[in-house]
Structures are given as structure tokens and as C-alpha cells.
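Only one structure is covered here, and it is reproduced in the block below.
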Amino acid sequence: MKKVIVILGPTASGKSDVAMCLAEHMNTQLISADSAQIYRGMDIGTAKPTKEEQTRVMHHMIDIVDVDEPFTVSDFQENAFGIICDLHNYNMSPIIVGGTGLYIHSLVYHLDFTKTQTNHAFRDKMSALIAEKGLDYLYRRLEKKDAGAAARIHPNDEKRIIRALEVLENEGGGERPYDFLKPREDYDFRLFGFNFPREILYDRINQRVDIMMEKGLVGEVKALYETYGSSPVALKAIGYKEIISYLKGDISQEEAVRLIKRNSRHFAKRQITWFKRDKRIIWLDPQEKNCFKNLLSGIE
RNA sequence: GCCUCGGUAGCUCAGUUGGUAGAGCAAGGGACUGAAAAUCCCUGUGUCGGUGGUUCGAUUCCACUCUGAGGCA
């Protein structure tokens, strides 16, 4: 069976460096599974690999769209499998690197996205309905159409309620089977998780945010904000939304930095939660001497 | 040496006219099917500085003591 190596972990876990070393060692290429590095111009705040690094090792799925262009998991799934296929044809074992749980899920599990595409007009309509009649109204509407879906979604989870309705009420929609954790078995996935003890990870995150500021995060965000405004979803990413608040004059720069650090820590925690439940993942601590050796032996 | 004000959750503090305590921040756990760095849910046992006393009962009142800040000598 064709091998696909997956290197995942929370932000600042050092997974990118390891992945690059591994790719060089195996003479193969990387596929980024990172929902923010998809966007052009979002470099510093997403800790995107530098141009030099990208020359050293080919990185796919980076700089795919502009900040105001839509991009979804489904797009990721489709594109990534295309690249996986190409690399296998060249006799390379692709390496997926990233921290976006849903993106990795879309490769490693059997996620069947329905035919119902994003319908922004519909979403806007639903948002307006919420403003008018309250969220329970929409939730009850969902309960009537698909009780199973409603049971799985919390009544406060606005985005999921809207998407569920979008699927039910638009072309190609309808109820869908729910089997979130059905592993894909047509590839030989080798999953490796990188992580540090919590305290060390948090120190690394805090330091990394300081480095981003030194590298000119404010300037990067300012340019994007001036071009695209603050509404694109991409600019809701951590490091971007906080700096935009600062640029608008709502908070001080110190406060923005504090919030970026805090939100990154919370994010890392959520990432860890996401990955914890996949029992196939072999966890490695980058501080350990044999880390890379263990990685290699896990790939054999 | 004397006086005053503090010592309560990881931090900043509130509070109990005596019935063993709660906010903010921080933190922890979880969910996740086309926005996912998004969105959403759950979680507070802490020798109330220490010892003794009064009391049925003390974190609360009293005494002593340790400790921090300020003031007076």
C-alpha cells in the first residue's frame, strides 16, 4: 500500500523543522496542512517557511489563494489528494505537515463532504434571521429537518447550525451519514505527533510571538488590512485579528501581543485535544535524543 | 521600638454583622463533516499566614506570633 507520512502537532512544536529534515533525508516533498499558510501575504503571523526553506524542500499547499478568496477544507482535501497521487507516481512518499486538525482529518479519515457548497448568500440570510428571531429559532428549524444532526450540534453553535441548514436546504443537500472517525484504508498512513511538555510549549509560543513582532508582524498585518479591510475570514486568524484591533485603536500594542500569546496557547490546547483521540499517532518529544531515529524507524 | 494598613485560588482582589468562600484574569478538560488559527460546551478543596483562646461552631471576634508595605521616632 502506498505510504503517506503525516507529521502533526500544536503550533510551535517544531514539527516544520523535523518535516523538512525528513523530506531531505527521504528525498521527497511536503504538503502543508495549515489553514492559514494557504493565504498569500500571511507569512510572519503564520510562521510560514521562508523562501530559502521552500527552495530547499518543495512545500505544497502554501500560498494558494489571496486573503479575500474563499478556500475550504473540501478544496484542501481535493488538492492534497491530487498532490499525493502525483508524488506517488514519482515514487515519493508524501509528507503531510500541519496543525489544522480538520484538514488532516480530511485526508486520514473518510470525510465525505456533501455536494452542497458554501452559499454565502444563504449564510447571510441565516445570520439575519438569528438577529431577528434568535438562535433557538434556527436550531428548532434544524431539529425539525434533521433531528440527528441537531442532536450532534450544540444549540449555541451558530456556525454549525447554519452549515447544517445549508446542507439540508440547498441543492445537492439532504441528510448525510455520520461517521466522523472512519479511517481511510486505501493508503498506509504513518502518523507522528510532535509535542513538548505543556510549560515548555507555552514558553516557545510566547517567545515565537515576540519574534514575530520583531520580524514586523504589525507591518504585514497593516498592509493586508489596508488592502482587504478586516472582514475576510483569513484575517480572523490569530495574530491578525489582534493586530487589526490595535491598528483600529481599540487596544494597545502590548494588549494585542498579550492576546496573541494567550489565543495561541488556547489554540495549541485545542489542537492537542483534536489529535489526542487518534490512537494511531505515535508521539515524539523533540527534546529526546533519539527523536529523529525513532521517527525513521516508525516509517520503515 | 511604636502606630497604621495588608496577608483569602497560579495572579489581582472581593466577601462572610461567626454557620468552612467567589469574581476577573490565568489555567485544565472536551466537541468538531465545505468559515476550522473559525465556532461551541464543561471545570474552582483553596491548610481564608501560623499557634492558642472565646464559642455548639472561627476564615470572620480576642491574644500572641510570623511576614509585606507605609508612617512616626
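Lettering follows sequence order; numbering is per chain, from 1. Not measured: the values here are computed from a predicted model.
Nearest nucleotide to the R258(A) side chain, out of rA35(B), rC25(B), rA31(B): rC25(B). Of the candidates rA38(B), rC32(B), rU33(B), rU33(B) carries the atom nearest the D179(A) side chain, counting heavy atoms from C-beta on. Which of rU33(B), rA36(B), rA35(B) sits closest to the side chain of K159(A) comes down to rA35(B).
Counted by atom type alone, E220(A) and Y240(A) present one or more donor-acceptor pairs between their side chains at under 3.5 Å. A donor and an acceptor atom, one from each side chain of N294(A) and S297(A), are nowhere located under 3.5 Å apart. Judged purely by distance below 3.5 Å, without hydrogens or angles, the side chains of K236(A) and S231(A) never pair a donor atom with an acceptor atom.
Side-chain atoms of R160(A) and base atoms of rA38(B) include a donor and an acceptor less than 3.5 Å apart. Residue side chain R123(A) reaches the base of rA35(B) through a donor-acceptor N/O pair under 3.5 Å, judged by distance alone.
Remark: side-chain polar atoms of E166(A) are paired, donor with acceptor, to backbone N or O of N119(A) under 3.5 angstrom.
RNA chain B lies under 4.0 Å from at least one heavy atom of each of the following residues of residues 38-50 of chain A: G45(A), T46(A). Only R198(A), Y202(A), listed by number, bring a heavy atom of residues 183-212 of chain A to less than 4.0 angstrom from any atom of RNA chain B. Of all the residues in residues 275-287 of chain A, K276(A), R277(A) reach under 4.0 Å from RNA chain B with at least one non-hydrogen atom. Shown for residues 238-252 of chain A: residues whose heavy atoms fall under 4.0 angstrom of RNA chain B, namely I238(A), K241(A).
Under a hydrophobic clustering in which Ile, Leu, Val, Met, Phe, Trp and Tyr are joined whenever their side-chain heavy atoms come within less than 4.5 Å, directly or via other members, M212(A) and V221(A) fall into the same cluster.
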Compile the donor-acceptor pairs under 3.5 Å between side chains in residues 91-104 of chain A and protein atoms, sequence neighbours left out, one pair per line.
unit_1	atom_1	unit_2	atom_2	d
T100(A)	OG1	S35(A)	N	2.9

Show which side-chain atoms of residues 183-193 of chain A pair as donor or acceptor with protein atoms under 3.5 Å away, not counting sequence neighbours.
unit_1	atom_1	unit_2	atom_2	d
R184(A)	NH1	D186(A)	OD1	3.2
R184(A)	NH1	D186(A)	OD2	2.6
D188(A)	OD1	R190(A)	NE	3.1
D188(A)	OD2	R190(A)	NE	3.3
D188(A)	OD2	R190(A)	NH2	3.0
R190(A)	NH1	G298(A)	O	3.0
R190(A)	NH1	I299(A)	O	3.0
R190(A)	NH1	E300(A)	O	3.1

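For D136(A), the side-chain hydrogen bond (donor to acceptor under 3.5 Å, both in side chains) criterion is met by no residue, not counting sequence neighbours. Every residue two or more places apart in sequence or in another chain that forms a side-chain contact (heavy atoms from CB on, under 4.5 Å) with R160(A) is listed here: I153(A), D157(A). Legend: residues meeting ring-ring contact (aromatic ring centres under 6.0 Å, His included) with F180(A), ordered by chain and number and at least two apart, are H105(A). Annotation: side-chain hydrogen bond (donor to acceptor under 3.5 Å, both in side chains) contacts of E242(A) (sequence neighbours excluded): N263(A).
Distance CZ (R163(A)) to P (rA31(B)): 22 Å, rounded to an integer number of Å.
Stem analysis of RNA chain B (at least three stacked-register Watson-Crick or G-U pairs, each with both distances under 3.5 Å) gives B:1-7 with B:66-72, B:10-13 with B:22-25, B:27-31 with B:39-43, B:49-53 with B:61-65.
One finds no side-chain N or O of T100(A) lying less than 4.0 angstrom from the OP1 or OP2 phosphate oxygen of rA36(B).
Identified under the side chain to side chain donor-acceptor pair (under 3.5 Å) test for residues 5-30 of chain A, with sequence neighbours left out: T11(A)-R208(A), E24(A)-R56(A), Q29(A)-H60(A).
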